[in-house]
Every structure is written in C-alpha cells, then in structure tokens.
2 protein chains.
Amino acid sequence: MAAKYEEIYQSLLNRIEQEEFPVGETIPKEFDLMEEYACSRDTIRKALQLLSQNGYIQKTKRKGSVVLDRTRYEFPVSGVISFKELASTMHGSVETIVTCCELIKPDEKMKVRMNLSDKDKLWMIERVRKIDGESIILDLDFLNATIVPGITKEIAEHSLYDYIEKELNLKIGYANKEITCQKVSENDKQLLDLKEYDMVVNVDSYTYLTDTRIFQFTRSRHRPDKFRFNDFARRTNTFS
Amino acid sequence: MAAKYEEIYQSLLNRIEQEEFPVGETIPKEFDLMEEYACSRDTIRKALQLLSQNGYIQKTKRKGSVVLDRTRYEFPVSGVISFKELASTMHGSVETIVTCCELIKPDEKMKVRMNLSDKDKLWMIERVRKIDGESIILDLDFLNATIVPGITKEIAEHSLYDYIEKELNLKIGYANKEITCQKVSENDKQLLDLKEYDMVVNVDSYTYLTDTRIFQFTRSRHRPDKFRFNDFARRTNTFS
DNA sequence: ATGTATTTGTACGTATGTATG
DNA sequence: ACATACATACGTACAAATACA
C-alpha cells in the first residue's frame, strides 16, 4: 500500500494528463485539495512537491501551482530505469539480443570500481538493443554475483531489474551516470549498425542498493544520431 | 536571510566535506540533530531531504543516514547554472569571447520555440568558451528582449545570469535540457578548435522564470572529447 | 526463528512569515 | 495597503522497517 501523498501525486498527475488541469492553468489551491482528498496540508504539500520536482508544476506564492508543458521533451527522461521500462514508453519495435552472459573473475580496475573483495565474482552481460530492426545500443553490464546470484540468459533477455527487485527482493536505491563521447571500438563496429559514424555516446552508470552497496556497473554505447537525453532542473535547491 | 533548514543543510554539507562525517559512516540521527540545531524534527528532515536529493546521503530506516562518496563524479553537475558559475568550480583557465551580440527580429521557428508575440525582439548572443587556450564550446543564446532588456557586450562577457538576477531582479525558475549528438556545421568549424572531430555534442536549453515565462533558449555546441555530463538519480519518486 | 527497541516515514494540527496580485 | 496562497516551523502520534539481542 502506497503512502497517501503518493496516491494523491498519482491522482493529480492523471488529472493533469487528462487535461482536467490544462497547461498554463493553476491546479486547485492547497486548502481546496486538502478538503477534496480529506487530508492534511502536509500531505498535499508532499504530493505537490513531487509534481514540482518532476517538472509538472511551478509553484508561486499568491498565484498557486501552474501546470507546465512537458509535451515537448518527453523521454528518455533522466532517472534510474531499465531499458525494458524505457522501451515500454517508446513507439517503435524493440528487441534485446544477449551476446554474452557469463561469470568472470574481475580485473583490478573492476575490483576498485565495484568495491569487490577477492572472492567476489562478476556477471558479465553483453546485450544489443535493436530498435525498429537496427542495432542502436550496446550494453555491457557487470553485476556483483555475490549480491545478485543466479543470472541466466533468459533473465538477461527479459529484465534484470524485475529479477533483482521481484525475485531477489533487493532494493535499488540510486545511480550515478556519466555521459561522454568516444571513438568507436572494434566491438562497437561489429555489433552495432553504425552507418558512417566513427563516434558513440558512452553512458557509464554506477548503480547502488538502498543499503549503499554498489551492485552494477553498466557501459552503454549509443549510436550518436539516436541518442537523446532530457533533463529537468530547478535553479535553486529549495522545494518551491 | 535563508530558511533555517537551508542553513542546516549547508552546515551538514560542510561537515560532510570536512570529513567530520566520513563517507560510509552515518551522520547523527534526526533526534540528535534536533537537539544540536535546536529545532524541530520537521526542519531537520527538510535539510536531510536536500542532502538526499543532491546525492550526499542515503537514508534507511533503523540505520540512519549514510554519507555517500561523491568524489568520483564531481562536475559538471546537472542543474541550471551559468558557464561563469560552472567555470568557477573548474581548474584550468577559462575565457569568454563574444563574437556576436545584437537585437534581431525572430523567425517563425524561434517565435514558436520562445512563445513570442509579434512585437517581441530577441537578443542573439554568440560566445566562444576557451578552456586552457582552446576553443571548446560555442554558445548561441536567444533572450526575449521584452523580458531581458539592455544587454551589452560587457554583460555577455561577464555574466548574463548575474545581470538577470541581480540587476533586473528576475527569478530564474527552471530549465529543460536536451542533449544530442550532431554533425559539425560550418560555423562550428570556424569558431571551435575541432581537431579531427566531425561531430559535436549539442545541448539545447529552454530556461524559464519562476512565473513560467520562457526567457532564454540556448544552443550549446561542445567539442566531443571535452564534453562530460554527470547525473545523480534515485530509483523512486519518494523522499527516502 | 522471534521479539523488541530504535530510527526513520507518514500524517495530522496549529501558528506565523512572506511574496504578490 | 490588503487579502491570498504558499513557505517555514513548531508540536504530537503512530506506523513501518530493521538491527540486534
């Protein structure tokens, strides 16, 4: 059962997307929402804060909360989501081909990167992501096998995050990503439909559990013309 | 005067950076922080929420708030900041050359993009950013002159945001960015030290005031080898 | 495996401050 | 200058998760 403020967040989000509250208009004021949802102001404010954080509304004193226009910049949205989840929001046909899925002994670099002890082993999983029949993205994943045991090719084909969260009951907490641009490697050339491009967009992700253990490092290589990253950010650190 | 929770946020941040609270350890529990800062739990929780949002701590029930390691991925950090502010956190020498700063009549595309009426004019500002003597970034800015009047070459050389916030007293609210990869243009070739690269990283930013008016569109072209973007994201939408 | 204590999470209430139309 | 809507801050109570006995 989700918290009340999360349900109110979802409800308001739906109402915004159904255009009950159109872009440019204000949603009802906090006091009215309190009455409507029969809860305290605190709870309403938490829901509104989520809307604000995620770029759906802008709050101003006196005026209220104005609905922002998010239609222009939809996805891929910044966040910790799997390719499966991302794909579910996309239009074209999507396919995953597992080109490698094996247990390896980590090298020194990876030991440092993933904070491994001497006995820890790693799953190395390489996957090609095809969009509308073209090989666009090459994902190379390393997972700490002590934390995430029992990976199979089927799981890698379907969804790692489903397995980790639903089967193993681990809680994924947060991730750091670094986006850079790099020359193509021989491997890129072999596995991706690169056309004439000689560079790829490289996304390195370090993903952690809520208990702060790192369990995954991903190196994701994107064909440059198909790469797009959207970011919503506020000027200050406050909750406004 | 900043809010109390913001001061506590800053104080805790300093203490983390001074390693009074080392990476991997917990900071004092909420109840102790309440006593130390002589405030309510609500206020402490707001401060901790900021730390959590910005990737400094991870909170877990029963255990407390663990300090995360942010040394690996420092900047450029995601957010609405000016080049001047970004440069102040960097090591090398930094220089801005204004190659264009004039008032223009917007074309149709720009009118839609920036939500302009027929009488609105635009400032068009082109700036080359040199880092350690090399021309690395080419910024092309369009500012709504009705909202932001009186731009001069000196302001463009120094800091637009300083002028907008401090002189004009406007409140910058939020921005949307879209990162893509594109072929170099003739203009890129002329103004940047591109070496052999035939692509650039393109960052389009739409920047808004807190009253939701868009006042700026920026197209920023980066030499691919010098581009880096870091992102911190949590798995869920909650405050944890 | 079980229970208990501890720490954070959610929710409610109230009062006052602050920006702004 | 005023009324309004959000912002901050204080307090209380109980729920949920989990480390540890």
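Reckoned from all heavy atoms, side chains included, excluding hydrogens, waters and symmetry mates. So you know, we letter chains A, B, ... as the sequences are listed, proteins then strands, and number each from 1.
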Without decimals, in angstroms, what is the distance between [X] [atom1] and [N] [atom2]?
{"X": "Tyr37(B)", "N": "dA9(D)", "atom1": "OH", "atom2": "P", "answer": "14 Å"}
{"X": "Gln49(A)", "N": "dC6(D)", "atom1": "CD", "atom2": "P", "answer": "14 Å"}
{"X": "Phe31(A)", "N": "dA3(D)", "atom1": "CZ", "atom2": "C1'", "answer": "15 Å"}
{"X": "Ile8(A)", "N": "dT10(C)", "atom1": "CD1", "atom2": "P", "answer": "13 Å"}
{"X": "Glu30(A)", "N": "dA11(C)", "atom1": "CD", "atom2": "C1'", "answer": "15 Å"}
{"X": "Arg45(B)", "N": "dT10(C)", "atom1": "CZ", "atom2": "C1'", "answer": "8 Å"}
{"X": "Leu33(A)", "N": "dA5(D)", "atom1": "CG", "atom2": "C1'", "answer": "12 Å"}
{"X": "Ile44(B)", "N": "dT8(D)", "atom1": "CD1", "atom2": "C1'", "answer": "14 Å"}

Task: Of Ile164(B), Thr218(B), Leu103(B), the residue whose pairing with Leu143(B) passes side-chain contact (heavy atoms from CB on, under 4.5 Å) - done: Ile164(B)
TODO: Tell me whether the OP1 or OP2 atom of dA11(C) has a side-chain N or O from Tyr5(A) closer than 4.0 Å.
DONE: no
Open item on the list: For a quick test of reading the model: is some side-chain N or O of Lys46(A) closer than 4.0 Å to OP1 or OP2 of dG9(C)?
Closed with: no
- [ ] Among Phe227(A), Phe229(A), Phe83(A), find the residue that satisfies the ring-ring contact (aromatic ring centres under 6.0 Å, His included) test when tested with His222(A).
- [x] Phe227(A)
Task: Between Asn54(A) and Tyr9(A): side-chain donor-acceptor atoms closer than 3.5 Å - done: yes
Task: Short side-chain donor-acceptor distance under 3.5 Å, Gln10(B) and Tyr5(B) - done: no
- [ ] Quick one, give me the B/S/- string for nucleotides 13-21 of chain C, reading 5' to 3', where B means a protein heavy atom under 4.0 Å from the base and S means that only happens at the primed atoms, P, OP1 or OP2.
- [x] -----BSBB
- [ ] Can you sort out the partners of Phe142(A) under ring-ring contact (aromatic ring centres under 6.0 Å, His included), two or more places apart, ordered by chain and number?
- [x] none
Task: Sequence-distant partners of Phe217(A), ring-ring contact (aromatic ring centres under 6.0 Å, His included), two or more places apart - done: Tyr206(A)
Open item on the list: Counting C-beta onward and ignoring hydrogens, is there a side-chain heavy-atom pair between Asn230(B) and Lys177(A) closer than 4.5 Å?
Closed with: no
Open item on the list: Does the structure show a Watson-Crick or G-U wobble partner for dT18(C), both distances under 3.5 Å? Name it, or say none.
Closed with: dA5(D)
TODO: Would you kindly compare Thr43(A) and Gly64(B) by the position of their nearest DNA chain C nucleotide and give the one closer to the 5′ end?
DONE: Gly64(B)
